[in-house]
Amino acid sequence: MDRKHLLILGGTAEAAALAEAVVQRWPAWRVTSSLAGRTTAPAPIAGDVRIGGFGGTAGLVRYIEAEAVDCLIDATHPFAVEMSANARSAADQLGRPRLRLWRPPWSRDPRDRWVEVADAPSAATALQRVGRRVFLTLGQRDLAAFSALPDTFFLVRMIEPPANPPPLPDHHLELARGPFTLAQELATMRHHRINALVARASGGAGSEAKIQAARSLDIPVVLIRRPRPEPGPLTDSVAGAIAWLETIA
Ligand code: NAP
């Protein structure tokens, strides 16, 4: 079998699991995982790792050509829309096979009290009718949308201390790396007397415990809808990605 060079666009638990599975299945392949570089100490990943943006679609095209990448798996977070779009255009331009590994969405339980919204500003508007002690589980760039909400406490959780403090008058910053268990999420929400959760509809098992905790505590969830995936081949599991690789190996 040929020695292939697979590029995994990563930054997610699924991407790391995929790198491990491919290294096991095809030990002779070169497997490179690409990270944006948002965290300074990412968890270990099997194979090679490169860090930092490529410089748009043009930069990714140059990288694929210079490093003789044969195929790509876009295993970025479902909300990483820019990277995902660049991956599609670069792969299409060069005629390289590309697969989207897109984690399955959460399914709604009848007990869930979800208010589904399009984006962070709409979440802030909806939140005013929902709760005043808020567990805000968004990325740093979305926090500013909540800065003008009056009389609201925010619990903000991040992996690492942000470069600038969250722009929220009344908040507590918790530094922790997931995944979190249901027991941990229940304890966190009870400890801070949370009465509303704001989350992206990221899907996948790894970040679902907060949704389950909100369900069990009867807490409303303002949920930012997922963007649609880029068109093209798609799987929702590492096993599906391995099966796709078998077809092009
Ligand atoms: P994004 O908005 O789609 O990407 C913005 C830019 O960051 C891209 O155009 C690219 O820069 C660079 N970039 C993003 N992902 C990259 C990767 N895997 N390798 C190299 N460069 C990358 O992405 P994002 O939402 O900021 O997410 C950044 C990373 O964090 C992704 O790897 C994603 O999987 C991970 N992540 C995101 C979330 C989230 O909620 N969005 C949550 C957990 C993990 P250039 O144009 O210069 O190439």
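In listed order, ligands and their atoms are each counted from 1.
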What residue and heavy atom of the protein are closest to [atom], and at what distance?
| atom | value |
| --- | --- |
| atom 36 (N) of ligand 1 | His77 CB, 3.6 Å |
| atom 11 (O) of ligand 1 | Gly53 CA, 3.7 Å |
| atom 25 (O) of ligand 1 | Arg141 NH2, 2.8 Å |
| atom 44 (C) of ligand 1 | Gly11 O, 3.2 Å |
| atom 40 (O) of ligand 1 | Arg200 NH1, 2.6 Å |
| atom 46 (O) of ligand 1 | Gly56 N, 3.0 Å |
| atom 48 (O) of ligand 1 | Phe54 N, 2.6 Å |
| atom 17 (C) of ligand 1 | Ala36 N, 3.5 Å |

Evaluation steps, side chain to side chain donor-acceptor pair (under 3.5 Å), between Thr32 and Glu67: CA-CA 10 Å; Thr32 304; Glu67 298 296 325; over 6 Å; no
Subset of ligand 1 atoms that lie under 4.0 Å from at least one heavy atom of Thr76: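 This gives 34 (O) as the contact atoms.
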In terms of the angle between their ring planes, are Trp26 and Trp29 parallel, tilted or perpendicular, with boundaries placed at 30° and 60°?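 Correct class here is parallel.
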Would you call Arg215 and Asp112 a salt bridge, taking side-chain N to carboxylate O under 4.0 Å as the test?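 Looking at Asp112 together with Arg215, the answer is yes, because their closest N to O distance falls below 4.0 Å.
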Should the pair Asp74-Arg100 be classified as a salt bridge under the 4.0 Å nitrogen-to-oxygen rule?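 A salt bridge is present here (some side-chain N lies under 4.0 Å from a carboxylate O).
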Relative to ligand 1, is [X] under 4.0 angstrom through side chain, backbone, both or neither, heavy atoms considered?
| X | value |
| --- | --- |
| Asn86 | side chain |
| Leu60 | neither |
| Arg50 | side chain |

[X] to ligand 1, any heavy atom closer than 4.0 Å:
| X | result |
| --- | --- |
| Gly139 | no |
| Gly55 | yes |
| Gly52 | yes |

Option of least heavy-atom distance to atom 7 (O) of ligand 1 (set: Met83, Gln140, Arg38):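 Among Met83, Gln140, Arg38, the closest heavy atom to atom 7 (O) of ligand 1 comes from Arg38.
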Do Pro165 and Leu173 come close enough that some side-chain heavy atom pair is under 4.5 Å?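 Result no, sub-4.5 Å side-chain heavy-atom pair not found.
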Ignoring hydrogens and geometry beyond distance, is a side-chain donor-acceptor pair present between Ser89 and Asp92 at under 3.5 Å?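 Note: Ser89 and Asp92 side chains miss the donor-acceptor criterion.
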Report yes or no: is the cationic atom of Arg50 (NZ for Lys, CZ for Arg) closer than 6.0 Å to the six-membered ring centre of Tyr63, at no more than 45° off its axis?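 The answer is yes, since Arg50 meets both limits relative to Tyr63.
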Decide whether a cation-pi geometry holds between Arg193 and Phe153; the criteria are a distance under 6.0 Å from NZ or CZ to the six-membered ring centre and an angle within 45° of the ring axis.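 Here Arg193 fails the 6.0 Å and 45° test against Phe153.
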